[in-house]
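So the structure is just underneath, and the comments pick up after that.
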Amino acid sequence: GAVVSQHPSWVICKSGTSVKIECRSLDFQATTMFWYRQFPKQSLMLMATSNEGSKATYEQGVEKDKFLINHASLTLSTLTVTSAHPEDSSFYICSASGGNNQPQHFGDGTRLSIL
Amino acid sequence: QKEVEQNSGPLSVPEGAIASLNCTYSDRGSQSFFWYRQYSGKSPELIMFIYSNGDKEDGRFTAQLNKASQYVSLLIRDSQPSDSATYLCAVNSYNNNDMRFGAGTRLTVKP
C-alpha cells in the first residue's frame, strides 16, 4: 500500500521550455502533497506544500510564479517549472501524506536536465 | 539551531555489526517520528515510524524514541552492504502536517 507514482522519470529539454511533473497517490487519498528538490550530494529541500483545492504554500526563496503547483484532487498534484533554465536542473521529488502525523510516501522522482 | 539534527557521517561499520543512527529535534511539540532510507540517485523510502516513547522493532531495524531528551535513533542489526545508504530522520508536529527532515547520515557497511 501507500504507492506514489511520479512522471516523468527523466526530462531533457531546451532552455525556455516549461515542464510539467505529475504526482499521483495510487491507493490512498493524499490530503497533502509536497514537492522537494535535491541537488547532487545535498539534502532534500522542501519547495512547497499543497492541500487539495487550496493554493500551495511555498518555502522562502521559492518563486511561486516559476514553480506552479496544482493540487486538483486528493490523488493528483502537478508541478510546472515554467521557462526552465539550466540552473533549474535538479532531481524533483514529490511525496504524499494521508493526514496529520501520517508518513510521507515518496514518488520515484524526476530528473530534470535543461540544456 | 536546526530543527532536526543528524550527524552527517559517513558512518562506517563492518558487515554483521550494529549500526546506530541518531537524531535530535528542537520542537517539543513533535509527535511523530520517521526514518527514511535514500540510496544514491533514488528517492527516500520509509523504513519505520514511531509515535511513543520506547523501542519499536521491525525485523533488523529498531527505532528508539525519548521525547524527554528529544532524541530518536535507529539501530540496524546484522548490517549488510545493501544497507549502505543515507538515512533521513523526519519529525512531524501534532496537528501540523509539516514534516521536517534532517540532513541525513550516510552509512557505509563494509563487507
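Residue numbering restarts at 1 for every chain, and letters A, B, ... go by the order of the sequence lines. Please read all numbers here as calculations on a predicted model, not as lab measurements.
With a threshold of 4.5 angstrom between heavy atoms, Arg100(B) approaches chain A through side-chain atoms but not through N, CA, C or O. Residue Gln38(A) touches chain B through its side chain alone, counting heavy-atom pairs closer than 4.5 Å. The contact between Gln38(B) and chain A is made entirely by side chain atoms (from C-beta outward), counting heavy-atom distances below 4.5 Å. Proximity to chain A is absent for every atom of Phe33(B), based on heavy atoms less than 4.5 angstrom apart.
Listed here is the closest heavy atom pair of Pro103(A) and Phe49(B): CG-CD2, 4.2 Å.
Transitive grouping of hydrophobic side chains (ILVMFWY, heavy atoms separated by less than 4.5 Å) keeps Tyr36(A) and Val81(A) in distinct clusters. Under the 4.5 Å side-chain heavy-atom criterion for Ile, Leu, Val, Met, Phe, Trp and Tyr, Tyr92(A) and Phe34(A) are members of distinct hydrophobic clusters. In the hydrophobic clustering of ILVMFWY residues, with side-chain heavy atoms under 4.5 Å counting as a link, Trp35(A) and Met45(A) come out apart.
Put simply, the side chain of Tyr36(B) gets close to the backbone of Gln104(A): a donor and an acceptor are under 3.5 Å apart. A donor-acceptor pair under 3.5 Å is absent between the side-chain atoms of Ser43(B) and the main chain of Ile93(A), judged by distance alone.
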Asp108(A) vs Lys42(B), test: side-chain contact (heavy atoms from CB on, under 4.5 Å). Steps then yes/no. CA-CA 7 Å; Asp108(A) 287 340; Lys42(B) 303 292 186 183; over 6 Å; no
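Taking OG1 of Thr49(A) as the reference point, atom CE of Met99(B) lies at 11.0 Å (rounded to 0.5 Å).
Dense packing is recorded around CG of Leu26(A), with more than 12 heavy atoms of other residues, nucleotides or ligands lying under 6.0 Å away. The environment of CZ in Arg106(B) is sparse: at most 12 heavy-atom neighbours from other residues, nucleotides or ligands sit within 6.0 Å. Within a 6.0 Å sphere centred on NZ of Lys20(A), heavy atoms belonging to other residues, nucleotides or ligands number 12 at most. Within 6.0 Å of NZ in Lys55(A) there are 12 or fewer heavy atoms belonging to other residues, nucleotides or ligands.
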